[in-house]
Amino acid sequence: LFVCHISSSLGQPPPSADIRTPSIQRSGTSRAYSSRLSTTEHILTERHAEAHDHYERRLDKDDDSILSLTEPLNRKLKGIAEEIIEKAALFMESYLRTVSVNSGESADGMSDTIKPRPDSPMQLSNTPTDPSISTQRAGNTSDNSVLLKEKLDEANKWISWKSSSKEKNMYGPIGAFIKYVALVVKEKLTSLADPSSGNGRGCRLVLPSTKSDYNPPDADDTMRIDMGLVGANINSPVEANSGRVLYYKVIAVLEAKRRGDDDGFRDAFEQLDIYTRQMYQQQHNLRFAWGITVSGTHVRVCLFGPDRAKSSRLMDISKPEGRRAFIKVLVHWSLCEESQLGRDPTMEYLRDLKCWQIACPDKAGSMGEGADVKYYYFTTVSCQADRLFGRHTRCFLATDIRPTTMVSDETPLKPKFVIKDSWAFSKRNASEDTRDEVRSLEKVKACLLAKAAEQDIIIPKIEVGGRVSFLRNGGWVEDNTDTLYGRGKLVADKADTVRGPGEMADNNADDANKPGEVRSNDDLYFRAHRRIVMEPIGEPLRSTTSVAEFVTVVCDVMRCHSAFVNDCGILHRDISPNNILVFRGADGIARGMLIDLDCAIDIDQEKREKREGRAKRKEMTGTLPYMSINNLSGSLVEHTSLDDWESMLCVICWFATLGTISGKRRGDGELARCPIGKWRQGSTDEMITAKQSTFDSCNSFQNLIVRHFKLEGVAGSTSDRIGANSEVGEIGVGSAGAEIGTSSENDTSDEGDESDLLEGLAFELHECLFQNLSLSPDCRGTFEKPKCDEQNPTDSGALSGWRARKGRLGKLLPMVNPLEERAKIWKDISKQLLEIVDKYWKQAMALQEDALEAKSNVAIGTILQ
């Protein structure tokens, strides 16, 4: 995802925001880009289905160990937290008991189970059995006592909640409960004489948004959150009007349902799942996220990590022990370190300079004791995390020169590097991590830096990279999933081997595939927080302004891909628009660069593992809707460079349907109605079938894909010549060149026809991949077919798409998997594909040069006039 996916300028956070919370001045690009791919309704349907799947497969319930993750690390603050919890619980129980007695209700269970301990540091001379008695400690005034009772009066409506009431009636009482705890926290922290013990240094008030049931302004959907919790300065008024809090500012979202049963929790969690995704997208320094579900009087705290979600046991606030437990959560969130709330302590907003500072390793390896740390500065996020689970890749355009004056439009930062920040699957011992992206980039640099000019390709050049570490409680800690969760135990099930789009399978996936087996973190889901500094800086693929530029860029990328495979022995395995950059040199020619080697493998290393008898792993790597059929199915067929070539064909077809020219692309409804939309809709099996039907024959490829290319305004498109409703006959192997502008290098009669350039490239790549003459007829296409023999001669056209297991003579025949047969000769087919790309690259480059020359001549003519 090392790509200018979203260009966001980061300004100074609002005064009420925490200094480590990013403030993004949205350009609207994210929303526009997402909505181009499908309608808002489809996006929400997709996210709801994904959230339900997460509830069923990715949620570890009743895990109270997550509550200890926010316990203050500082011993003095830990003691202060215990005092605040004790006082808040005692005052609440005493007041509720009094209210219950005065109203004539039974007080059984109200306060009997929570009594002040004799040795409690908060033991008062006047135990507050009567809430009208206010403690005479510093900073605690009678006005504050009145305010406390007002909040408890309102909170009591939630404590005595009846499920028959309306959900909206819960918001105020829940907010009052949270504000009550904030008042007690504020009273204690502002009374401290020693600032170093917690008076504003790393502490905060946890407050609810004053607006409830609203759609945050920075959301890319229409969903309404019930309440956002923010961290405010301890001197802030508890009743401050925060309005509609943005996702970039919240420390957690609270979702409430009136029902207290399991269905209420499920519904609340699934909505919280969708909201937390937005938090990851908007907060570029978020390492993991917290959330709260409320179902009736049942409260659960949720933690969203890179791969799993965890929820605590329910805290029933209708009971004293449940109220005390929830008070404890809120107090810990108020006094813990920023890193315990999920924020990245290696990133800091410099208010005096109005820019961000980010720490990176100054040499290969990890940051930490004995290792040098180098600081970079940025104001622009070029790529944001847009998934709930996964690598959470972000990219920042940065410079290593600290600004001397405040950054502004007049004195902007001049970025020199792209910093990629991600959580990739790794091995604990970095020296044994053969799939480390830093190692792959160093190999590319060593093998291709000297050859790049000769081969006329552009490669990503790594400056430095390594694992992120930070100071915690006086010592250096490597930032990884062990740090996040602790070295506990996880339960493995079938979902553990299922990877989302763009995710690399776990190094020990096969060992972790036993349902119900308890395995240690050594075997499952270890991710390391990695940061890499690279150059050059490029633009996203969508920035191309002509078909010639688009074709040049995608051809450049596959020429670079071939160099990775042939010269470096590295297979990329995630060809997608996010991993393609457009680079423009001084001559103005658009060139392409392939980046992001998170999913890459060392081919030689994989061969060694195979020779050593290690079992093949089912892996799904890539990004929807560009994954190859073989990859999407998770089969054991060897993943070769042909899968990456197929992914590039998908990229070409997707962008050709969407529109390759910036500003002239299809809208939501149009794209949703195109057959290619099925590549990212429905179940995995449905997506596989859609792709198989698309690529099985030249005829299906023409009718389902090429016919829908958006080439309006591009002269001579084949779609225009054929007509919208005409039937196209089968295009035989080798005939595409004659029909679709695939002239030889010496024949330049059609070089000016950009539509033929794009359609011809797509047709020839498809033909070479799925109808290659090097394969026997029964090994062409995409569907399994009966194997041909002398007694049952047949042809690919007759069997194309035929999935029965009986031949024409009625006898059972062995089935042939075309993708498996194709993988056996991947080197020969890859060589043919590279020859096709080289041809179209030269034509596209010539068209770009002609266009620039014509533009220059027009400019000169204008000047002369």
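Under the 30°/60° scheme for interplanar angles, the aromatic rings of Phe655 and Phe550 are found to lie parallel.
The stretch residues 814-825 participates, sequence neighbours left out, in these salt bridge (charged side-chain N to carboxylate O under 4.0 Å, His left out) pairs: Glu646-Arg822, Glu821-Lys824.
Counting only distance, with no hydrogens or angles, the side chain of Arg573 and the backbone of Cys599 share a donor-acceptor pair below 3.5 Å.
A salt bridge links Asp602 with Lys443: the closest approach of a Lys/Arg side-chain nitrogen to an acidic carboxylate oxygen falls below 4.0 angstrom. Salt bridge Asp574/Arg391: present, at least one basic N to carboxylate O contact under 4.0 Å. Residues Glu50 and Arg57 are not paired through a salt bridge, judged by the lack of any N-O separation under 4.0 Å between the basic side chain and the carboxylate. Of the charged side-chain nitrogens involved, none lies within less than 4.0 Å of a carboxylate oxygen, so that Asp386 and Arg394 do not count as a salt-bridged pair.
Residues Arg530 and Asp598 form a side-chain contact, since some pair of their non-hydrogen atoms from C-beta on lies under 4.5 Å apart. Within the 4.5 Å cutoff, the side chain of Ser830 has no heavy atoms near those of the Val565 side chain. Under the 4.5 Å side-chain criterion, counting only non-hydrogen atoms from C-beta, Leu594 is in contact with Val557.
Of all heavy-atom pairs spanning Arg584 and Ser543, the tightest one is NH2-O, 3.4 Å. Considering every non-hydrogen atom in both Phe770 and Leu649, the closest pair reads CE1-CD2, 4.1 Å.
If you check the side chains of Ser576 and Asn578, you find no donor sitting under 3.5 Å from an acceptor. Between the side chains of Thr552 and Gln848, a donor-acceptor pair is found at a separation under 3.5 Å.
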Inset, instruction - Applying side-chain contact (heavy atoms from CB on, under 4.5 Å), run through Val816 and Glu784 and close with a yes or a no. - result: CA-CA 5 Å; Val816 177; Glu784 287 190 349; over 6 Å; no

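Under the rule for a side chain to side chain donor-acceptor pair (under 3.5 Å), Ser440 has no partner lying at least two apart in sequence or in another chain. For Asn566, the side chain to side chain donor-acceptor pair (under 3.5 Å) criterion is met by no residue, not counting sequence neighbours. For Trp679, the ring-ring contact (aromatic ring centres under 6.0 Å, His included) criterion is met by Phe695, not counting sequence neighbours. For Asp838, the side chain to side chain donor-acceptor pair (under 3.5 Å) criterion is met by Arg559, not counting sequence neighbours.
Each of Arg467, Arg439, Arg527 was scored for a salt bridge (Lys or Arg N to Asp or Glu O under 4.0 Å) with Asp433, with one residue passing: Arg467.
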Could you pull out all donor-acceptor pairs under 3.5 Å where a side-chain atom in residues 454-463 meets a protein atom, sequence neighbours excluded?
residue : atom : partner : partner atom : Å
Gln455  : NE2  : Asp567  : OD2          : 3.0
Asp456  : OD1  : Arg591  : NH1          : 3.2
Asp456  : OD1  : Arg591  : NH2          : 3.4

